[in-house]
4 protein chains.
Amino acid sequence: MAILQATARLFADRGYEQLTMEGIAHEAGVGKQTIYRWWTSKGALVADCLLEGLLLPEGIAPDDTGDIRTDLVTWLHKIFVLLESKGGPALMRSLIAAGAESDDVGGRLGDTFGTSSFLVERFDKAVAVGQLPPDAPLQQMGEALLGAVIFRTLTRAPADADVAARLVDVALGPRLADDGIRHGDLSE
Amino acid sequence: MAILQATARLFADRGYEQLTMEGIAHEAGVGKQTIYRWWTSKGALVADCLLEGLLLPEGIAPDDTGDIRTDLVTWLHKIFVLLESKGGPALMRSLIAAGAESDDVGGRLGDTFGTSSFLVERFDKAVAVGQLPPDAPLQQMGEALLGAVIFRTLTRAPADADVAARLVDVALGPRLADDGIRHGDLSE
Amino acid sequence: MAILQATARLFADRGYEQLTMEGIAHEAGVGKQTIYRWWTSKGALVADCLLEGLLLPEGIAPDDTGDIRTDLVTWLHKIFVLLESKGGPALMRSLIAAGAESDDVGGRLGDTFGTSSFLVERFDKAVAVGQLPPDAPLQQMGEALLGAVIFRTLTRAPADADVAARLVDVALGPRLADDGIRHGDLSE
Amino acid sequence: MAILQATARLFADRGYEQLTMEGIAHEAGVGKQTIYRWWTSKGALVADCLLEGLLLPEGIAPDDTGDIRTDLVTWLHKIFVLLESKGGPALMRSLIAAGAESDDVGGRLGDTFGTSSFLVERFDKAVAVGQLPPDAPLQQMGEALLGAVIFRTLTRAPADADVAARLVDVALGPRLADDGIRHGDLSE
DNA sequence: TCGTAACCGAGACGGTACGTCTCGTCTTAGG
DNA sequence: CCTAAGACGAGACGTACCGTCTCGGTTACGA
């Protein structure tokens, strides 16, 4: 639908706050009523954009190196780079604001990130090949990772280089050497 | 300042979106210009409320039992209970929205939760008494915990009972028995 | 046609301003396009209602007493009573508004009131029996009477009792006694 | 007030129907709310324009020749000429529509035309100098004249030349010669 | 008997204007 | 002199209708 594309365009340009129904209608060459006929609110509209994948860049998921830890670090790092790029924080915060203000968007965010994402596949595979124990709290590991990203976005924390590695360490548990002693460069 | 109290009252009642400068001015018995003289935006106003502790309930921090894991689970559980209570999710989401939309609020949230909180003290003490290794990524552990709470709030995930325990397991790393095998009820 | 009846019903209920094509279509159980197929505008629709006599009450014309003056006063009085009744002024003003806004309705009003009405017959008869001179400006006398009614409706003037008599005096010219002196209770 | 002037300008250009609050606001360089703060409706706005004399041309009243009949015919004729001119009928019908739809405008029309006008002065003087009997129904004579003009406007009757004379004859009563026989060119 | 065409109801569409709301600035009267 | 009160220009909100435009579904006629 042209409306969704117009919404995505304006959302990326201006953010959620500045997004207006009138602007969308005009951008899409559509009457306002046509939007209200199909969506109950700005939130629902943005949620559908999310569902259609019009808001988030694709191709974040890195290649599978066989090592879950490496892959996660690469993935997180890509996200951080994206968040440091121009417009990245604004888009992310707009999404968070939209999710906070609208049940539709919030639920959709959960669906998009929580269940159907790269993380789920990768975690499942890691369990299958024995890199993670079968009783690992996969759900919470994902929440911890994604939540940390959101938290850092909210608090405007700059994403320095090895935060990604440390976060993965937290999520997966520390690497264990044969002697059971933790290793890793965790100094900050 | 009466303005901050009025802001906090209306914020708690109506949330961030419904909060209006005119409403605050009227509630505080003050001219709008007086507000604009001291704060540049709604966000700055809310950020100052946050700083004064007018928005968040006190006394979440549980007693120190000596065991960091127990204390964290208790603390998380209290938060979850708060989030399940009437008005809890709305207030939390309003805070998130405010943080997303306003740099002031976002930064203040970071200060409030990230540096000056219960978590920092508790983590530091755990390191001191050897419950955590000295090189533990404390910062990221906190981000993971708080971020997960935010993520669950955003996605409207209901906070069932042992999510708290699992999240703490993720954050602290699993409990290790003498044999180096993880234990815990992590099935979901 | 069901459409005309629906139009008349809604016109009587709500007036010309509140009359909407969509309302008529719905009331008549008809698609909007069907109305637009047969009538070009709301005005044309109302004009046809007028032509069919669906908008105005019938039977205003009083019995013929033989005296033109008496009959006119009775007729005017009936009109005034109608105008004082519930919904009377609203209907009349709606008609005026419709006539002012739509050439169709205006022309039809002229036909209905100006040429085919009680007044024409009555005036003609009065001329025939010698109650009015043969060169009397019948057209203008009618305009004066009807126009005065419209003017009073527009200006919301209450129709007190002997306005009717005075108006008829104006239209017919004053009664003349043998001595050529005017008589009549014309004090106001 | 700039708002009233803008209203008058647009009313004269476009008529009452096409008059929009948004158009007025824009034309006056004013926010819509400012209009709504001071006037409850389009009607009230137009009524105030009327009161300020912004809608009607001035200088209709002719010189006083001493003969009421001549003056009235001249006056009526001027009105008819105005009504034949470009935009004349549209303005008049817009006024009528406005008066029909809005109590404010209707009442003001009554004030403007019915009580404070040229007619009242002229009639009073005619009574004073004996051209009209002291008990003449002046009010109704005025209503008849103005009403006839309105009626002719509504019905789109073209205002041919001697309609004015005939209307005045109706309003004043026919001229009486010494022999009590009516005279006048009343053929149509 | 069966297309096929006209006409229907329904209602989505791109628009305009509505009247309300809030923004951030500007003005004013009174303490 | 500062403040409360609130008017102001601006413009988004969600609603009501406008007049146009497809849609299927049903008669009803001509082949």
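Sequence lines set the chain letters: A, B, ... in the order given, protein chains first and strands last, and positions in each chain run from 1.
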task = Can you tell me which residue pairs pass the side-chain hydrogen bond (donor to acceptor under 3.5 Å, both in side chains) test with a partner in residues 2-19 of chain C, sequence neighbours excluded?
result = C/R9-C/E27
Return the value, rounded to whole Å, for the distance between atom [atom1] of [X] and atom [atom2] of [N].
X	N	atom1	atom2	result
D/W39	E/dG19	CH2	C1'	16 Å
A/I24	F/dG11	CD1	C1'	16 Å
D/I35	F/dA10	CD1	P	12 Å
C/M21	E/dG9	CE	P	14 Å
A/E27	F/dA12	CD	C1'	17 Å
A/M1	E/dG14	CE	P	9 Å
C/E17	F/dC18	CD	C1'	16 Å
A/H26	F/dA12	NE2	C1'	15 Å

Does a nitrogen or oxygen in the side chain of [X] sit under 4.0 Å from OP1 or OP2 of [N]?
X	N	answer
C/T34	E/dG9	yes
A/W38	E/dA12	no
C/R37	E/dC8	yes

Within the distance-only criterion (no hydrogens, no angle test), does the side chain of [X] pair as donor or acceptor with the backbone N or O of [Y] below 3.5 angstrom?
X	Y	result
D/R93	C/E101	no
D/T34	D/V30	no
C/K42	C/L19	yes

query = Between C/G23 and A/E22, who's closer to the 5' end of DNA chain F by nearest nucleotide?
reply = A/E22
key: Contact nearer the 5' end of DNA chain F, comparing A/K32 with B/G29   = B/G29
query = Checking only heavy atoms, does the side chain of B/Q33 share a donor-acceptor pair with the base of E/dC26 at less than 3.5 Å?
reply = yes
note = DNA chain E nearest-nucleotide lookup for D/Y36 and A/G31: closer to the 5′ end is A/G31
ask   = Out of curiosity, C/I150 CD1 to D/I96 CD1, how far, rounded to the nearest 0.5 Å?
value = 8.0 Å
task = Could you check which of E/dG19, F/dG9, E/dA12 has an atom nearest any side-chain atom of D/V30?
result = F/dG9
